[in-house]
Asks: 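My questions will all concern the structure given below.
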Amino acid sequence: MKEQSAPVRLWTTDFILLMLCNFLLFLQLHMIVSPLPSYVQDRFHANAFQVSLFTCLFALSAIVARLFSAKALEKGFRNAMIYIGLSVALLATLGYYFAAGIAVLLLLRMVFGVGFGLSSTAFPTMASDIVPVKRMGEGMGYFGLSTSLAMSMGPIIGVTLLQGAGFVTLMLSTAGVIAVIYPLSYSLTRKKIAKKKTTQAISMQSSHQEQATRDVASVSGAKPSSKEKAPFNRKLILPSVLNGLLSITYGGLVGFIVLYGKEAHLANPALFFLFNALAVLLVRPFAGRIYDSKGPKALLIPGAICIALGLVTLSWATTMPILFVAAFIYGIGYGSMQSSIQTWMIQVVAPAQRGMANGMFLNTLDFGIATGALLLGAIASLTSYTEMYRYSVLFMALFLLIYLIQGKRSGSFQIETHPLLSHTHITATGSAASHDTNDVQVAPDKRN
């Protein structure tokens, strides 16, 4: 009975290491994403369209790479995706030193996108496998905090390095961050299992999942087959669209906040990301618990309103205090929405498809940033960066419109958790011991 009443553990060593690896992976990305447009414009005299290509082509190459990495994860090639991805990203980063023109730099950004796309899917998938189901919102909320903090802190560090020490120092610093991920991820990918403690849990989980599969098949009238390929889950479409719209607004920030600062005569516009990070830190612990108790509606609607208010405030920022207020409001909205959408996507698929769900989340994130860089960059070239941020509010209005219409059409804003997800945790129904399969650490596939 004590085992049944004991709280399910979230903060394991593996979970903390996964958060750290994910944080460093996104940190090195955003250390160069924001300062790169300013560097390209100053050195190569690039126009707004050429600047937007550096964000767009990177994101598109990452998306293509994830199409392969998601399938590879399902086949057990997790370790290979991590190390190949990190190595490609590291080599592309070091190659920046030899880039003497825009074309070469664009090519290196695309190669870097491939490496980032391969490695970035693995860490959140591993995290979703070890987070307890009953604390999925809270657990993925904390995990998503590593991404949000990296996206907020990276631009500050990158712009500071570029302005204070130059592009070469920035390049070497990002390469160093990638190098640190190798030993940290090694301790995760080479961990062995204790057969005596996990055999029973794995066996029980398999029987529960097989029964759940038969139950689902009996309702749909389909005949289950172990060799049959799992169909695409249509429940991922709505959160993917919403994530893309949210990311478009962030694309306008990471791509043009430094250039906007020059236009508005702001001393250090990169500090926007510092106050954005503070807001994310403040809201994220509460957001995960709210999601677990009330669902995504309680976070997505007020979050979208905060995003819109933050963007409008930013467009009127002529002093640093107003910039800080805009960043804080935006951070509250973004911090509560991003992890909610990711958790939503994980919960509507079977455990075996979490790699695909995380891949779609990251792909729509990158696609939104790429689209935002192109569309908002075009708007800025025709008007100004001030007007660009005001126009970007329209994407959040579209976000709310789609979500409210779909929620009303379905009759409920609550998500339908995949049937197999309820079997991820194995609880005792009688005198048998209770096992939490999220404490089971699966040995790496020998193919890796």
Side-chain angles (χ1 to χ4, degrees), residues 12-29 58-95 107-131 143 146-147 150 174-193 198 202 227 229-230 342 345-346 349-363 365-366 438 440-448:
T12 61
T13 302
D14 286 351
F15 183 68
I16 295 172
L17 281 175
L18 282 169
M19 284 187 63
L20 184 57
C21 288
N22 191 68
F23 170 77
L24 292 174
L25 185 64
F26 278 87
L27 179 68
Q28 57 84 24
L29 167 67
F58 153 76
L60 292 178
S61 62
I63 291 172
V64 173
R66 288 200 190 98
L67 296 179
F68 295 96
S69 64
K71 295 180 181 178
L73 285 173
E74 291 182 3
K75 295 179 179 179
F77 293 102
R78 178 195 65 190
N79 300 355
M81 291 301 97
I82 292 176
Y83 293 122
I84 293 175
L86 290 176
S87 299
V88 171
L90 179 59
L91 291 174
T93 300
L94 293 174
L107 178 61
L108 288 171
R109 287 300 292 164
M110 293 176 65
V111 174
F112 177 86
V114 172
F116 181 82
L118 291 176
S119 57
S120 60
T121 312
F123 294 129
T125 303
M126 293 166 69
S128 62
D129 286 339
I130 66 173
V131 169
F143 184 84
S146 64
T147 301
T174 55
V177 173
I178 297 175
V180 173
I181 303 176
Y182 280 93
L184 293 175
S185 59
Y186 181 84
S187 63
L188 291 167
T189 57
R190 290 294 179 259
K191 188 161 289 187
K192 304 296 182 180
I193 60 170
T198 60
I202 294 174
K227 296 182 180 180
K229 185 178 179 181
Q342 185 175 20
M345 295 177 73
I346 290 171
V349 300
Q353 292 184 312
R354 285 173 180 169
M356 181 263 291
N358 279 308
M360 283 198 64
F361 170 79
L362 293 170
N363 279 343
L365 170 66
D366 283 339
N438 283 294
V440 177
Q441 295 169 336
V442 181
D445 195 307
K446 293 182 179 179
R447 289 172 290 184
N448 295 332

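A quick note: this is a predicted structure, and the numbers were derived from the prediction, not measured.
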Asks: Rounded to the nearest 0.5 Å, how far apart are OG of S87 and CD1 of I178?
Replies: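 Taking OG in S87 and CD1 in I178, the distance rounds to 9.5 Å.
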Asks: Please report the closest heavy-atom contact between L94 and A175, naming both atoms and the distance.
Replies: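 Between these two residues, the closest heavy atoms are CD2-CB, 3.8 Å.
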Asks: Taking all non-hydrogen atoms of both residues, which atom of P124 and which atom of L362 are closest, and how far apart?
Replies: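 Closest heavy-atom pair between P124 and L362: CG-CD1, 4.2 Å.
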Asks: Work out which heavy atom in D366 is nearest to a heavy atom in A59; give both atom names and the distance.
Replies: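 Closest heavy-atom pair between D366 and A59: O-CB, 3.2 Å.
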Asks: When you compare the side chain of T121 with that of M81, does any pair of heavy atoms fall below 4.5 Å?
Replies: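 M81 vs T121: side chains apart.
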Asks: Check whether any side-chain heavy atom of I82 lies under 4.5 Å from a side-chain heavy atom of F123, and answer yes or no.
Replies: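 I82 reaches F123 side chain to side chain.
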Asks: Answer yes or no: is there a side-chain heavy-atom contact under 4.5 Å between R66 and F116?
Replies: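 Heavy-atom side-chain distance check passes, below 4.5 Å.
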Asks: Show the nearest heavy-atom pair for residues V349 and A357, with the distance to one decimal.
Replies: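 V349 and A357 have their closest heavy atoms at CG2-CB, 3.9 Å.
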Asks: Test N22 against every option in L17, L27, T147 by the side-chain contact (heavy atoms from CB on, under 4.5 Å) rule and name the one that passes.
Replies: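 Among the candidates, only T147 passes.
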Asks: Side-chain contact, heavy-atom cut-off 4.5 Å: V64 with V114?
Replies: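 With C-beta onward as the side chain, the pair stays apart.
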Asks: Measure the acute angle between the ring planes of Y83 and Y182, then classify it against the limits of 30° and 60° as parallel, tilted or perpendicular.
Replies: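 Correct class here is parallel.
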Asks: Between atom CG of L108 and atom CG of L91, what is the distance when rounded to the nearest 0.5 Å?
Replies: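 Separation between the atoms: 10.5 Å.
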Asks: Give me the atom names and distance for the closest heavy-atom approach of M345 to F361.
Replies: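 That closest heavy-atom pairing would be CE-N, 3.6 Å.
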Asks: Roughly how far apart are S185 OG and L20 CG, rounded to 0.5 Å?
Replies: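 Result: 10.5 Å between the selected atoms.
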Asks: Atom SG in C21, atom OH in Y186: separation rounded to 0.5 Å?
Replies: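 Those atoms lie 14.0 Å apart.
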Asks: Do L86 and L25 have side-chain heavy atoms sitting under 4.5 Å apart?
Replies: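 L86 reaches L25 side chain to side chain.
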Asks: So, taking the atom named CD1 in I63 and the one named CE in M360, what distance separates them when rounded to the nearest 0.5 Å?
Replies: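 Taking CD1 in I63 and CE in M360, the distance rounds to 10.5 Å.
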Asks: Within a strict 4.5 Å, meaning less than it, do heavy atoms of the L29 and F112 side chains meet?
Replies: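 With C-beta onward as the side chain, the pair touches.
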Asks: What are the two closest non-hydrogen atoms of S61 and G113, and how far apart are they?
Replies: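 Taking every non-hydrogen atom into account, OG-CA, 3.3 Å.
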Asks: To the nearest 0.5 Å, tell me how far L24 CG sits from T174 OG1.
Replies: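 L24 atom CG to T174 atom OG1 measures 12.5 Å (nearest 0.5 Å).
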